[in-house]
Amino acid sequence: AVAIAIMLSLNLIPELVGGEPEASLISLVTIAGLCFYIVYLKQMNLDLVLHTEFQNLLFSQGAAAGTLFCAFAKRDGVLMYISPSFFERFDVQDRNRITTLSAMLHAMHAPESMHEILSNDVFALHESSLNVALTSSHQGLRQLTLEVFPLSRPSGYVLLRALPVYPTAEDA
């Protein structure tokens with residue numbers, strides 16, 4: 001607004017700066033300054049987005065370390081993030097269809113009884129550990145432990161971590 005006011009004043013009263021050539025030159029310098037300022041702000045915003053994306057990548061990889069897969073879900077059961085290892089392990093072709101806890105459990109071939117138990121734990125923001133017996137073996141995996149960890153910030157979200165269940169001597 002200040003730059004437009006200056007250019008308008010210079011164009012209406014060019015005698016303020018010595019004449020029309022000087023007024024035109026100051027107007028061009030003002031426009032060039034605005035252009036550089038806009039490019040600078042755009043680059044700062046792009047850098048901020050890249051830094052944020054890099055942090056998100058670090059956090060998601062850290063959460064998935066040592067797990068079969070991990071996911072972040074909202075209290076209502078909508079998945080905000082699910083690690084790529086889930087899609088590889090359970091051979092899911094259409095990643096866009098896995099948007100809820102029920103869809104995730106269905107893709108895992110988990111028993112129907114687990115859907116309500118997991119949904120209730122997530123809705124209640126209750127820390128829990130559930131043993132899930134899969135009805136179909138995936139890469140030799142027949143059972144896994146699904147851990148639910150409520151997040152303190154942002155509230156209303158949980159971290160789901162899937163850990164392998166190794167057979168014990170009693171199972172043999």
Side-chain angles (χ1 to χ4, degrees), residues 33-172:
L34 283 174
C35 289
F36 285 118
Y37 179 70
I38 289 169
V39 168
Y40 174 73
L41 280 180
K42 182 180 180 223
Q43 188 60 48
M44 280 183 44
N45 287 335
L46 287 174
D47 289 345
L48 180 62
V49 167
L50 289 175
H51 284 103
T52 303
E53 288 296 319
F54 183 69
Q55 276 187 333
N56 289 343
L57 174 69
L58 287 175
F59 292 143
S60 64
Q61 291 301 308
T67 66
L68 298 171
F69 67 88
C70 78
F72 292 96
K74 287 183 1 182
R75 182 179 199 166
D76 61 1
V78 173
L79 292 175
M80 303 307 294
Y81 170 81
I82 191 162
S83 61
S85 57
F86 173 85
F87 301 104
E88 295 163 6
R89 175 165 301 280
F90 296 103
D91 195 32
V92 175
Q93 301 302 320
D94 187 7
R95 294 178 180 217
N96 295 327
R97 295 187 68 197
I98 310 297
T99 58
T100 64
L101 292 173
S102 291
M104 180 184 80
L105 290 171
H106 182 70
M108 292 167 49
H109 298 281
E112 289 294 323
S113 60
M114 292 308 301
H115 293 239
E116 187 174 342
I117 295 169
L118 181 62
S119 293
N120 288 341
D121 284 350
V122 169
F123 183 77
L125 300 176
H126 179 256
E127 184 173 331
S128 62
S129 180
L130 309 167
N131 285 330
V132 181
L134 305 176
T135 58
S136 175
S137 177
H138 297 280
Q139 299 175 0
L141 183 68
R142 295 187 185 278
Q143 187 174 358
L144 58 84
T145 300
L146 197 57
E147 297 178 336
V148 179
F149 292 105
L151 301 176
S152 57
R153 282 186 32 214
S155 64
Y157 290 84
V158 297
L159 168 64
L160 301 166
R161 292 172 34 105
L163 303 170
V165 174
Y166 298 106
T168 62
E170 297 170 2
D171 296 333

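Using modelled atom types, no side-chain atom of S155 and backbone atom of S152 make a donor-acceptor pair closer than 3.5 Å. Of the possible polar contacts, one joining the R75 side chain to the F123 backbone as a donor-acceptor pair under 3.5 Å is found. Counting only distance, with no hydrogens or angles, the side chain of T135 and the backbone of H109 share a donor-acceptor pair below 3.5 Å.
Taking OG of S102 as the start and CD of E116 as the end, the distance is 10.0 Å to the nearest 0.5 Å. Annotation: the span from T99 atom OG1 to L79 atom CG amounts to 7.0 Å, rounded to 0.5 Å. Of the inter-residue distances, the one linking S119 atom OG with L105 atom CG reads 7.5 Å to the nearest 0.5 angstrom. Separating the CE atom in M104 from the CG atom in L146 is a distance of 5.0 Å, to the nearest 0.5 Å. Interatomic distance, L46 CG to Q43 CD, rounded to the nearest 0.5 Å: 5.5 Å. Rounded to the nearest 0.5 Å, atoms CG (L160) and CZ (F72) are 9.0 Å apart.
Side-chain contact of D91 with Q93: a donor-acceptor pair under 3.5 Å is present, judged by distance alone. Using modelled atom types, one finds a donor on one side chain and an acceptor on the other under 3.5 Å when comparing S83 with S85.
When the shell of 6.0 Å around NE2 of H115 is examined, it contains more than 12 heavy atoms from other residues, nucleotides or ligands. Enclosure of atom CZ in R97 is not indicated, since only 12 or fewer non-hydrogen atoms of other residues, nucleotides or ligands lie within 6.0 angstrom.
For the side chain to side chain contact (heavy atoms under 4.5 Å, CB included) test with L134, the passing option among Q143, M108, R142 is M108; the others fail.
Contact between C70 and S60 at its shortest, heavy atoms only, is SG-O, 4.1 Å. The two residues T67 and A162 have their closest heavy-atom pair at CB-O, 3.3 Å. In this structure, D76 and V78 approach most closely via the heavy-atom pair OD1-N, 3.2 Å. Of all the heavy atoms in A107 and F86, the pair that sits closest is CB-CZ, 3.9 Å. Nearest heavy atom pair, residue P111 against residue V132, reads CD-CG1, 4.2 Å. Shortest non-hydrogen contact noted between I98 and A103 is CD1-O, 3.7 Å.
Inter-residue side-chain proximity for P150 and H126 is flagged as unmet; no heavy-atom pair is nearer than 4.5 Å. Counting only heavy atoms from C-beta outward, the side chains of N56 and E53 approach each other to under 4.5 Å.
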